[in-house]
Amino acid sequence: MPNEETEKALVLARAEELDLIPDNAPAFDDPKRAIRYLNDEQ
């Protein structure tokens with residue numbers, strides 16, 4: 001059974017494979033920056 005970090009990595013990789021998210025999506029440590037990024041992208 002994978003740990004939480006491994007499970008997240010697997011889900012992210014699968015979402016990229018299915019083109020649900022771009023494989024070059026930036027990573028964010030700050031949720032406010034992530035929301036600003038998403039609002040600018042739409």
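We number each residue from 1, following the sequence as shown. For the numbers below, each heavy atom of this structure counts, side chains included, while hydrogens, waters and symmetry mates do not.
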*Asks:* Does atom CD of E4 have more than 12 heavy-atom neighbours from other groups under 6.0 Å away?
*Replies:* no
*Asks:* Can you tell me how far CG of L12 sits from CD of E17, rounded to the nearest 0.5 angstrom?
*Replies:* 10.5 Å
*Asks:* Of all residues at least two apart in sequence or in a different chain, which pass the side-chain contact (heavy atoms from CB on, under 4.5 Å) check with I35?
*Replies:* N39
*Asks:* Supply the members, apart from L10, of the Ile/Leu/Val/Met/Phe/Trp/Tyr cluster built from side-chain contacts under 4.5 Å; use none for a lone residue.
*Replies:* none
*Asks:* Taking 4.0 angstrom as the limit, do K8 and E5 come out as a salt bridge?
*Replies:* no
*Asks:* Of all the heavy-atom pairs spanning D29 and P31, show the shortest one and how long it is.
*Replies:* O-CD, 3.7 Å
*Asks:* Among the clusters formed by ILVMFWY side chains lying less than 4.5 Å apart, do L38 and I21 turn up in the same one?
*Replies:* no
